[in-house]
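For this chain, numbers begin at 1 and follow the sequence in order. The structure presented is a predicted model; accordingly, all values stated were derived computationally and were not measured.
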Amino acid sequence: MRNSEYSITLQENKKAFRDGLRDGLPIGLGYFAVSFSLGIMAKRAGLNPFQGFLASLLCNASAGEYAGFSLIMVQASYIEVAIMTFIANARYLLMSCALSQKMKPSLSLVHRLAVGYDVTDEIFAISIGRKGWLNPNYNYGAIAIAAPCWSIGTAVGCLAGNLMPLRLVSAFSVALYGMFLAIIIPPVRKDKVIGVIIAVCFAGSFLAGYLPGISKLSSGTRTILLTVVISSVAAILFPRGQEEQPS
């Protein structure tokens with residue numbers, strides 16, 4: 001009986017891993033394209049291909065890495081980079097809590113930490129959509145495709161940035177801003193409040209560079225302060241009820 005149960009469990013794990021590989025393949029291809037532009041940004045921040053690869057391997061998050069590379073570019077302090085990266089990636093804490101509710105209570109801490117290593121928007125979406133308890137092997141399959149594509153794409157972008165002329169590097173850097181526009185525009189079309197908040201962020205960032213006192217702070221510190229203040233005020237003025245959350 002035990003051998004039969006073990007055989008069933010092994011087959012389930014293999015199937016879950018294969019499903020993860022299948023669902024993670026399009027995610028990985030998309031990651032490679034996006035992280036290539038991120039690698040250009042890393043090159044401009046002074047990182048070499050290996051450093052860009054390692055940064056993406058340890059921090060698989062476009063917004064978090066973009067914030068980190070931007071601060072590195074202006075020679076911000078380590079603490080500024082750490083705080084801003086934490087703020088930019090804070091949403092993954094909520095995603096991890098949601099995923100934990102889909103895992104069997106008996107699942108070991110090791111599996112939970114391994115799954116938590118790479119909770120991205122896309123991997124979270126495919127994981128949360130699985131029926132029944134979440135098999136961690138499904139996430140391992142998706143991560144096995146997505147994480148290397150993200151890291152290699154960043155390294156290739158860094159390498160291309162080293163080989164291409166400076167003007168061409170600057171031109172490719174615009175692609176990353178296009179990625180952020182693609183992220184911003186859809187929710188703005190659905191909710192005008194988000195558009196107003198984004199406009200306030202632009203205006204606040206501009207004014208912060210000229211206001212007495214604040215303008216003397218480093219650009220990294222100004223970014224952190226603006227992020228915390230504006231997001232906190234927006235959460236207070238425009239709270240979202242549970243019924244408004246996506247199902």
Check whether [X] reaches the backbone of [Y] with its side chain - one donor and one acceptor, N or O, closer than 3.5 Å.
X    : Y    : value
K102 : G132 : yes
S205 : C201 : no
Q51  : N48  : yes
E80  : S77  : yes
S127 : F124 : no
S35  : F32  : yes
R112 : L107 : yes

To the closest 0.5 Å, what do you measure between [atom1] ([X]) and [atom2] ([Y])?
X    : Y    : atom1 : atom2 : result
K15  : Y138 : NZ    : OH    : 10.0 Å
N139 : Y117 : CG    : OH    : 13.0 Å
L71  : M84  : CG    : CE    : 7.0 Å
S96  : Q101 : OG    : CD    : 11.5 Å
Y92  : D118 : OH    : CG    : 9.0 Å
T85  : F69  : OG1   : CZ    : 9.5 Å

Closest approach of [X] and [Y], non-hydrogen atoms and distance?
X    : Y    : result
A61  : N89  : CB-OD1, 3.3 Å
E122 : Y31  : OE1-OH, 2.5 Å
I145 : G24  : CG2-O, 3.3 Å
I197 : A234 : CD1-CB, 3.5 Å
A42  : C158 : CB-SG, 3.7 Å
S215 : G209 : CB-O, 3.3 Å

Any chain of hydrophobic side-chain contacts (each under 4.5 Å) joining [X] to [Y]?
X    : Y    : result
L109 : Y140 : no
V196 : L237 : yes
L207 : Y210 : yes
V229 : I236 : no
L113 : L93  : no

Any donor-acceptor pair under 3.5 Å linking the side-chain atoms of N60 with those of T120?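 Side chains of T120 and N60: no pair found under 3.5 Å.
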
Is there a donor in the side chain of S151 and an acceptor in the side chain of S56, or the other way round, less than 3.5 Å apart?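 Checked: S151/S56 side chains show no N/O donor-acceptor pair below 3.5 Å.
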
pair [X]-[Y]: side-chain heavy atoms closer than 4.5 Å:
X    : Y    : result
I40  : K43  : no
W150 : L38  : yes
I128 : M95  : no
M103 : H111 : no
R18  : R22  : no
T9   : N13  : yes
I123 : V119 : no
F53  : I152 : yes

Should side-chain heavy atoms under 4.5 Å link Ile, Leu, Val, Met, Phe, Trp and Tyr, which residues sit in the same cluster as F50?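 Via sub-4.5 Å side-chain contacts, F50 links to L54, L58.
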
As a quick check of understanding, evaluate side chain to side chain contact (heavy atoms under 4.5 Å, CB included) for I214 and L225, giving each step before the final call. CA-CA 10 Å; I214 298 179; L225 290 176; 5.6 Å; no

Give the C-alpha distance, both sets of side-chain angles, the deciding distance and a yes or no for side chain to side chain contact (heavy atoms under 4.5 Å, CB included) between T154 and F36. CA-CA 5 Å; T154 305; F36 181 88; over 6 Å; no

Test side chain to side chain contact (heavy atoms under 4.5 Å, CB included) applied to M41 and E65, step by step: CA-CA 9 Å; M41 184 72 176; E65 286 188 62; over 6 Å; no

